[in-house]
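Have a look at the structure below before the remarks.
Note that the numbering runs from 1 along the sequence shown for the chain. All values derive from a computational prediction rather than experimental measurement.
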Amino acid sequence: MPDGQRADARRNYARILAVAEKEVAAHGAAASLEQIARTAGVGSATVRRHFPTRRALLEAVSHKRIAALGARAHELTGTGDSRAALLEWLDDVVAYCVSVRGLADALAYDGGSDPVHENACSAAMEEAAGPLLRRAAQDGAVTEGVTVADLITLIVGIVRATEHHPDPAARADRLFRLAVTGLSPQRPR
């Protein structure tokens, strides 16, 4: 929210965002913008003025969580085993996306020519995880050519595929582990 806004516009923004956080938590990315407006006590045009697209609203709702994941990536960069650090961060991303409705949708690629920088959430994740992934790649711990966008797309797919499972966290974790280890059993060299 720009500081140059009128005080009432800043209050409306804060109120809309607080209501949107609750609605997205309850209904996911499909939360009704009209319901958000009604609950916040503003018109739908006011919601759309502050958040012109559903993605803009999801990005704002997810901002704190994305910042926390960014801080976690920074904290893990340069520590211990590069593969373990990257996987620990990716575990955190999976766990956040499963536990926070709408976060996977905020990260999802939905068209356009630049999947990573299509939205602020993806751009922040790319920036945060870039050093972790580069270090793991330099150490030969990940397949050459893997990008943060690839990893986020994998996680978003897993989270979306498991969101209606009786235990989405356990199922998402299992599928992520399967993706990390691959389908073939490990054979001694």
Side-chain angles (χ1 to χ4, degrees), residues 1-77 88-133 147-149 151-153 155-160 163-164 168-169 172:
M1 179 81 209
D3 290 334
Q5 292 279 329
R6 297 183 334 246
D8 63 329
R10 286 192 304 272
R11 280 192 303 272
N12 283 344
Y13 179 90
R15 190 168 50 247
I16 293 165
L17 188 56
V19 169
E21 287 173 350
K22 290 177 185 171
E23 287 294 314
V24 169
H27 305 288
S32 165
L33 297 179
E34 288 72 27
Q35 180 62 38
I36 291 169
R38 274 192 300 276
T39 305
V42 299
S44 59
T46 301
V47 172
R48 293 189 195 292
R49 193 168 30 257
H50 288 290
F51 305 103
T53 64
R54 183 171 297 279
R55 173 157 313 278
L57 180 69
L58 287 173
E59 287 179 5
V61 166
S62 302
H63 177 76
K64 290 177 189 169
R65 290 172 182 94
I66 295 295
L69 287 168
R72 181 72 174 132
H74 181 71
E75 175 185 307
L76 290 168
T77 299
E88 187 172 337
W89 182 77
L90 291 170
D91 283 340
D92 290 348
V93 175
V94 171
Y96 260 55
C97 285
V98 168
S99 67
V100 180
R101 294 189 72 179
L103 184 56
D105 291 292
L107 292 170
Y109 171 64
D110 62 0
S113 61
D114 189 0
V116 173
H117 295 96
E118 177 178 286
N119 66 55
C121 292
S122 293
M125 296 293 270
E126 174 72 19
E127 185 177 329
L132 277 172
L133 182 59
T147 67
V148 174
L151 298 172
I152 298 302
T153 299
I155 290 169
V156 166
I158 289 170
V159 169
R160 284 180 162 177
E163 67 187 352
H164 299 295

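Put simply, CG on L69 and SG on C121 are 10.0 Å apart, with the number rounded to the nearest 0.5 Å. Of the inter-residue distances, the one linking R55 atom CZ with L107 atom CG reads 8.5 Å to the nearest 0.5 angstrom. With values rounded to the nearest 0.5 angstrom, L90 atom CG is found 6.5 Å from I152 atom CD1. Of the inter-residue distances, the one linking R38 atom CZ with L33 atom CG reads 10.5 Å to the nearest 0.5 angstrom. For the atom pair CG (D105) and CD (E59), the distance works out to 12.0 Å, reported to the nearest 0.5 Å. Taken to the nearest 0.5 Å, the CG atom of L133 stands 9.5 Å off from the CH2 atom of W89.
Nearest heavy-atom pair, V156 versus A104, reported as atom, atom and distance to 0.1 Å: CG2-O, 3.5 Å. Summarising the geometry of G102 relative to L58, their closest heavy-atom pair is O-CD2, 4.1 Å, with the distance given to 0.1 Å. What you find for A56 and F51 is that their closest heavy atoms are O-CD2, 3.9 Å.
Residue R15 places its CZ atom among more than 12 non-hydrogen atoms of other residues, nucleotides or ligands, all under 6.0 Å distant. E127 CD: 12 or fewer foreign heavy atoms inside a 6.0 Å radius.
Side-chain N or O atoms of S62 include none that pairs as donor or acceptor with a backbone N or O of R65 at under 3.5 Å.
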Point to revise | side chain to side chain contact (heavy atoms under 4.5 Å, CB included) assessment of L103 paired with V93 | key: CA-CA 10 Å; L103 184 56; V93 175; over 6 Å; no
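Using a cutoff of 4.0 Å between basic side-chain nitrogens and carboxylate oxygens, E23 and R101 are not scored as salt-bridged.
Judged as a salt bridge (Lys or Arg N to Asp or Glu O under 4.0 Å), and not counting sequence neighbours, the contacts of R72 are E75, E88, D92. Not counting sequence neighbours, the partners of R49 by the side chain to side chain donor-acceptor pair (under 3.5 Å) test are T46.
Using a 4.5 Å cut-off on side-chain heavy atoms (C-beta onward), H50 and V42 make no contact. With a 4.5 Å cut-off on side-chain heavy atoms, P168 and E163 do not count as touching. E34 has its side chain out of reach of V47: every pair of non-hydrogen atoms, C-beta onward, lies at least 4.5 Å apart. With contacts defined as side-chain heavy-atom distances shorter than 4.5 Å, the pair V98/I158 does not qualify.
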